[in-house]
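A short worksheet on the structure shown next.
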Amino acid sequence: MGNLKRLDVNPCKMCMPIGAAIAFKGIEESMLLMHGSQGCSTYMRRHMSTHYEEPIDIASSSIDEQGTVYGGEKNLRQGLKNLIKLYSPKVIGVVTTCLAETIGEDINRIAADFKKANDVEDISIITVPTPGYGGSQFEGYYLTLRKIVEQLAESSGAKSSKLNVAAANLSPAEVREIKRILDLFELEYTILPDISKTLAAPFTKDYSKIPPGGTKISEIKKMGDAAFTIEFGTLVDSSLSTAVYLKDKFGIPAYRLPIPIGLKNTDQLINILAEISGKKIPLSLKEARGRLIDTMIDSHKYNSEGRAAVFGDPEMIYAVSSICQENGISPVIMATGTDLDIFQRKLEELTADSRDQNLIFSDTDFEEIRNYVNEYNINIMIGNSDGAFIEEKDGIPLIRVGFPIHDRVGASRQQNIGYQGSNNFLDQITNQILALKHDNYREDLYKEFYQANKGAAAAKDAAELKVGEE
Ligand code: SF4
């Protein structure tokens, strides 16, 4: 269903550079510089630091009025110099914002000239055009992964047995879970980006300006030699896909999978890992699968009462709607602020045998979502905390998932993927549906009783009235 509104009220998305910032935070010894006005980087840092509960440094070229009129090259050059002096990074991501793109800044040329003019050959400067109006954080994230690989990956001519993994925008705990599963299959891999430590750093007494961890540049350079690529992104346009790039450029077979939330999506990943590793599925995974099925059987009878609105990032919506669909929770509303043609078709396919009418919105906003949530008797919402005002105003509970989560702790520890994570996530959903039932059952019983007896009571009242008249 397209969005016919001409104005977004409370957008259900964030802008492109924040997706780029998350992706760069998963690269070892990297720093990000946003070319544009200062407020953009402040906004990104504020969102990321409350979500991940970590200090987030993002530099800005701070273009002012003069730079806006005459060009911001001077600011960018000075910004790069300052950043190198303060942080000594090995990688610098230079991304644009609305202002830099609108005044036509050529960041590729400026970065190349800067490298020539300064003794910084050992620093990789990766440029990504991310105007805020060019898309949402979804496009910014995937485009950045692709640009990192386009600008760094090479082929030595000798194939390795390694696996490339282009991760979706997962939590640090979920990236750790993907790595644990890959280790179970004894696979060698490069996961991009690896935010498992950088955005969930263990406490230490010494503060590092750039947190340790992240994907090593030396590993990214070798991605052109890999045997396979797995990308978590079935809704990603091929022009933004890292897997498609690696396939076209280096002939590396690509598997593009949904985020492994739910039984079917996790099975898909596990079966592919078994196939490419040539190993049997480890017993621990088989047992975890069995436990998930047991949970599904146990909770099915409660979940049929669930009428869900799922919103946020397109890939996350697809995965969350999958687990709802396979457990009898009806994903009545599936809505993203990202303008994405394929979203409608893929979600229609997913919910083809749904018992309810499904409403699928791309390029939408929270005003529209709220209207439909109330009109279609939604009793549970699953999405990021930007939808929390609907919970507050209309009393419909929100299970917080995805990015950003500002009003609860633990976003970086959320683990909803794989068999074990899906099990926990399903429990959360089921418990919320049970809570609704228990919180409201007296009222519901009363309403049922009242409806059933309304006719009889009215007839009795009328009879008494008649007797009184006589
Ligand atoms: S929408 Fe544009 S101006 Fe606003 S924060 Fe994003 S990049 Fe900056």
Side-chain angles (χ1 to χ4, degrees), residues 16 19-20 22-24 26-27 93 95 108 124 126-131 134-157 159-170 175 178 182 187-195 215 217 219-260 265 268-269 271-273 275-276 313-319 322 336 338-347 349-350 362:
M16 257 185 122
I22 295 169
F24 272 114
I27 310 300
V95 304
N108 291 335
S124 301
I126 297 161
T127 51
V128 191
T130 52
S136 69
Q137 84 279 2
F138 174 73
E139 285 106 341
Y141 177 85
Y142 282 100
L143 175 67
T144 300
L145 296 191
R146 176 154 171 157
K147 289 287 175 195
I148 291 169
V149 171
E150 276 182 14
Q151 292 174 47
L152 292 176
E154 298 158 356
S155 168
S156 69
K159 279 281 165 210
S160 75
S161 56
K162 263 187 147 179
L163 170 68
N164 297 323
V165 179
N169 185 4
L170 304 172
V175 175
I178 295 282
L182 295 172
L187 280 158
E188 271 196 84
Y189 56 87
T190 301
I191 189 162
L192 179 75
D194 183 357
I195 58 164
T215 317
I217 284 287
E219 297 304 319
I220 301 171
K221 285 187 174 162
K222 290 185 215 154
M223 285 175 83
D225 289 335
F228 302 96
T229 303
I230 287 179
E231 179 174 62
F232 296 109
T234 54
L235 304 174
V236 182
D237 189 84
S238 55
S239 65
L240 304 178
S241 162
T242 300
V244 170
Y245 170 76
L246 288 166
K247 183 165 177 268
D248 293 348
K249 176 86 180 171
F250 303 108
I252 301 171
Y255 296 93
R256 300 179 71 194
L257 307 177
I259 295 173
N265 293 349
Q268 221 179 327
L269 171 66
N271 291 336
I272 284 168
L273 292 178
E275 187 187 315
I276 62 181
D313 183 277
E315 278 306 326
M316 191 55 81
I317 293 173
Y318 186 86
S322 303
T336 180
T338 301
D339 188 2
L340 197 63
D341 289 341
I342 194 177
F343 186 73
Q344 175 88 21
R345 182 169 61 74
K346 289 284 289 181
L347 271 294
E349 281 170 19
L350 180 74
S362 62

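A153 approaches G224 most closely through the heavy-atom pair CB-N, 4.1 Å. Across all their heavy atoms, E231 and S241 have their closest contact at OE1-OG, 2.7 Å. In this structure, A226 and I252 approach most closely via the heavy-atom pair O-CG1, 3.5 Å. Closest non-hydrogen pair, G26 versus P193, comes out as CA-CB, 3.7 Å. Shortest non-hydrogen contact noted between A168 and F232 is CB-O, 3.5 Å. Taking each heavy atom of A166 and T242 in turn, the nearest pair found is CB-CB, 4.2 Å.
Side-chain atoms of D225 come within 3.5 Å of backbone N or O of S156 as a donor-acceptor pair. In this structure, R256 contributes its side chain and T234 its backbone to no donor-acceptor pair below 3.5 Å. Looking at T215, its side chain does come within 3.5 Å of a backbone N or O of I191 through a donor-acceptor pair. Side chain of T338 to backbone of L340: no donor-acceptor contact under 3.5 angstrom is found.
The aromatic rings of Y255 and F228 sit tilted, their planes meeting at an angle between 30° and 60°.
Residues I27 and I220 meet the side-chain proximity criterion, which asks for heavy atoms closer than 4.5 Å. No side-chain heavy atom of V236 sits less than 4.5 Å from a side-chain heavy atom of V244. By the 4.5 Å heavy-atom criterion applied to side chains, P131 and M16 are counted as neighbours.
Judged as a salt bridge (Lys or Arg N to Asp or Glu O under 4.0 Å), and not counting sequence neighbours, the contacts of K222 are E219. Checked against salt bridge (Lys or Arg N to Asp or Glu O under 4.0 Å), E154 has no partners two or more places apart in sequence or in another chain. Taking S322 as the reference, N265, Y318, L350 meet the side-chain contact (heavy atoms from CB on, under 4.5 Å) condition, with sequence neighbours excluded. For D194, the side chain to side chain donor-acceptor pair (under 3.5 Å) test picks out K179, S196, with sequence neighbours left out. Residues passing the side chain to side chain donor-acceptor pair (under 3.5 Å) test with N108 are T127, sequence neighbours excluded.
Enclosure of atom NZ in K159 by more than 12 non-hydrogen atoms of other residues, nucleotides or ligands within 6.0 angstrom is indicated.
With rounding to the nearest 0.5 angstrom, the CG atom of D237 is 8.5 Å from the CD atom of E139. Taken to the nearest 0.5 Å, the CD1 atom of I22 stands 10.0 Å off from the OG1 atom of T144. F24 CZ to I195 CD1: the interatomic distance, rounded to the nearest 0.5 Å, is 14.5 Å. For the atom pair NZ of K346 and CG of D341, the computed distance is 14.5 Å after rounding to the nearest 0.5 Å. Between K147 atom NZ and Q151 atom CD the span is 6.5 Å, to the nearest 0.5 Å. Distance CG/D313 to CD/Q137: 5.5 Å, rounded to 0.5 Å.
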Query raised in the report: Hey, mind stepping through M223 and L192 against side-chain contact (heavy atoms from CB on, under 4.5 Å) and telling me if it holds?
Result: CA-CA 10 Å; M223 285 175 83; L192 179 75; 4.2 Å; yes
Requested in this report: Take Y189 and I230 through the test side-chain contact (heavy atoms from CB on, under 4.5 Å) and record every step on the way to the result.
Outcome: CA-CA 10 Å; Y189 56 87; I230 287 179; over 6 Å; no
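Checked against E315 for a side chain to side chain contact (heavy atoms under 4.5 Å, CB included), the options L170, N169, I259 give a single hit: I259.
The list of ring pair (Phe, Tyr, Trp, His ring centres under 6.0 Å) pairs with a residue in residues 135-155, not counting sequence neighbours, reads F138-Y142.
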